[in-house]
Amino acid sequence: MTAIEKILEDIRNGRPVLVYDFDDRERESDMTVASQFVTPETVRDMRNIAGGLLCTTTPFQVAEELGLPFLSDVFWTAAERYPILKDMAPTDIPYDRTKSSFALTINARDTYTGITDDDRAHTIKLYAETVFSDAPAEERKRLMGERFRAPGHVHLLNTSESILESRKGHTELCTALMIMAGVKPSATICEMLGDDGHARSKEEVLALAERKGYSFVTGDQVIEAWKNRRGE
């Protein structure tokens, strides 16, 4: 079994994997798991072992179909009433020349505060179940309104339109892994931070992966597997 095959097998089995992007980008690793398999224990591990911001991805085409906007587009639309939003547009992200993948934040309506491990795990699993159901788009839109409120405590991220072409961030890398694994194509991700407050180095993450039995993959490996899958 190759390294990438092991990663995909872990994803299909609901295990978190560690994904490093690139030496010339964020130089960060994210812990990721298929959103459909997220449990309260998963959220707890992401809080305690990773420590960054917990987010859940949506493929661009699904977001477009359901009308789930990029947050920067929402801000831009609201800028006429709130001009400060225009002034704060994300045009100078040092590692990324796109408008940021941040989308809406949500809570399931049947949660309480929405921030507990149980609440966030429930919101994430219900989100994956809802947006990737076989129901027509109009029915899924109705269910989104029925099942979720916004804003909330789960940060959604929309991928770029052509995954791993115009943007190669963790949103795209981890979503591509879910697609290749054949699970619902949403990844829940969390940056891995150290006790010094900075991103853990690749070497630190590799050591942690070996110590705790996590699989580790780099952005270059993901892109190579993605290209092979597409016959490039």
Side-chain angles (χ1 to χ4, degrees), residues 30-40 42-44 46-47 50 52-91 93 96 98-161 163 167 169-172 174-175 178 184-191:
D30 278 23
M31 176 180 286
T32 186
V33 67
S35 297
Q36 70 188 82
F37 298 131
V38 168
T39 65
T42 308
V43 176
R44 194 168 306 127
M46 287 185 163
R47 285 197 295 106
L53 185 66
L54 195 148
C55 302
T56 294
T57 73
T58 310
F60 180 88
Q61 289 75 14
V62 174
E64 282 284 290
E65 186 177 40
L66 299 182
L68 298 171
F70 286 96
L71 195 55
S72 58
D73 290 339
V74 174
F75 286 174
W76 192 260
T77 301
E80 183 175 346
R81 181 172 181 183
Y82 302 104
I84 194 171
L85 295 175
K86 182 176 180 180
D87 296 338
M88 296 176 69
T91 56
I93 301 173
D96 196 347
T98 62
K99 60 185 178 182
S100 166
S101 58
F102 278 108
L104 303 180
T105 61
I106 61 172
N107 284 344
R109 288 193 184 272
D110 57 353
T111 60
Y112 189 58
T113 65
I115 192 59
T116 65
D117 295 344
D118 286 351
D119 280 358
R120 281 193 283 180
H122 173 61
T123 295
I124 291 164
K125 287 191 70 172
L126 185 62
Y127 178 74
E129 174 188 320
T130 301
V131 299
F132 299 114
S133 77
D134 293 330
E138 288 304 315
E139 173 64 8
R140 283 179 284 147
K141 289 178 185 179
R142 186 191 68 78
L143 289 172
M144 284 295 296
E146 179 181 291
R147 295 176 175 179
F148 302 95
R149 67 175 72 94
H153 292 86
V154 171
H155 292 257
L156 300 181
L157 306 173
N158 293 344
T159 73
S160 52
E161 184 169 2
I163 290 180
R167 188 177 190 277
H170 278 103
T171 303
E172 287 75 23
C174 296
T175 302
M178 303 304 142
K184 290 181 173 65
S186 172
T188 293
I189 65 179
C190 187
E191 304 96 339

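The distance from the CE atom of Met178 to the CZ atom of Phe37 is 9.5 Å, given to the nearest 0.5 Å. Note that CD of Glu65 and NZ of Lys141 are 8.0 Å apart. Values are rounded to the nearest 0.5 Å. Here the straight-line distance linking atom CG of Leu66 with atom CD of Glu138 works out to 9.0 Å at 0.5 Å rounding. How far CG of Leu85 is from OG of Ser72: 11.0 Å, rounded to the nearest 0.5 Å. Taking CG from Leu104 and CZ from Phe148, the interatomic distance works out to 11.5 Å, rounded to the nearest 0.5 Å. The distance from atom OG of Ser35 to atom CD1 of Ile124, rounded to the nearest 0.5 Å, is 6.5 Å.
Side-chain contact between Leu156 and Thr105 is absent, with no heavy-atom pair separated by less than 4.5 Å. Between Arg167 and Ser101, the closest side-chain pair of non-hydrogen atoms falls below 4.5 Å. Two residues are said to be in side-chain contact when any heavy atoms from C-beta on lie closer than 4.5 Å; His155 and Leu53 meet this criterion. Two residues are said to be in side-chain contact when any heavy atoms from C-beta on lie closer than 4.5 Å; Leu126 and Arg147 meet this criterion. At a threshold of 4.5 Å between non-hydrogen side-chain atoms, the residues Val38 and Arg120 do not count as touching. Between Val62 and Leu68, every side-chain heavy-atom pair lies at or beyond the 4.5 Å cut-off. Within the 4.5 Å cutoff, side-chain heavy atoms of Thr113 are placed close to those of Asp119. Between Tyr127 and Met144 the shortest side-chain heavy-atom distance falls below 4.5 Å.
Side-chain atoms of Glu191 never come within 3.5 Å of backbone atoms of Asp30 as a donor-acceptor pair (strictly under, hydrogens ignored). A distance-only check finds a donor-acceptor pair linking the side chain of Thr32 to the backbone of Thr188 [under 3.5 Å]. A donor-acceptor pair under 3.5 Å links the side-chain atoms of Thr39 to the main chain of Thr42, judged by distance alone. A donor-acceptor contact shorter than 3.5 Å is absent between the side chain of Glu139 and the backbone of Pro136. Within the 3.5 Å criterion, the main-chain N or O of Ala108 finds a donor-acceptor partner in the side chain of Thr111.
Side chains of Thr57 and Thr171: no donor on one and acceptor on the other come within 3.5 Å. In this structure, a donor-acceptor pair under 3.5 Å is absent between the side chains of Thr56 and Ser186.
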Glu161 vs Gln61, test: side chain to side chain contact (heavy atoms under 4.5 Å, CB included). Steps then yes/no. CA-CA 7 Å; Glu161 184 169 2; Gln61 289 75 14; 4.2 Å; yes

With side chain to side chain contact (heavy atoms under 4.5 Å, CB included) as the test, would you mind laying out the steps for Ile106 and Thr123 before giving the verdict? CA-CA 8 Å; Ile106 61 172; Thr123 295; 3.9 Å; yes

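Partner of His122 under the side-chain hydrogen bond (donor to acceptor under 3.5 Å, both in side chains) criterion, out of Asn107, Asp110, Thr116: Asp110 alone.
Salt bridge status for Lys125 with Glu129: absent, with no side-chain N to carboxylate O gap under 4.0 Å. Checked for salt-bridge contact, Asp117 and Arg47 meet the test: a charged N lies under 4.0 Å from a carboxylate O.
The two residues Lys184 and Ala128 come nearest to each other via the heavy atoms CD-O, 3.8 Å. Closest approach of His170 to Ile189, counting heavy atoms only: CB-CD1, 4.2 Å. Nearest heavy-atom pair, Tyr112 versus Arg149, reported as atom, atom and distance to 0.1 Å: O-NH1, 4.3 Å. Taking every heavy atom of both residues into account, Arg140 and Ala135 meet most closely at NE-O, 2.9 Å. Pairing each heavy atom of Pro185 with each of Thr175, the nearest pair is O-CG2, 3.6 Å. The minimum heavy-atom distance between Ala103 and Leu71, with the atom names listed, is O-CB, 3.5 Å.
Counting non-hydrogen atoms of neighbouring residues, nucleotides and ligands closer than 6.0 angstrom, the CD atom of Glu80 reaches no more than 12 such neighbours.
Classified by interplanar angle (parallel below 30°, tilted 30° to 60°, perpendicular above 60°), the ring pair Phe60/Phe70 is tilted.
For Arg109, the salt bridge (Lys or Arg N to Asp or Glu O under 4.0 Å) test picks out no residue, with sequence neighbours left out.
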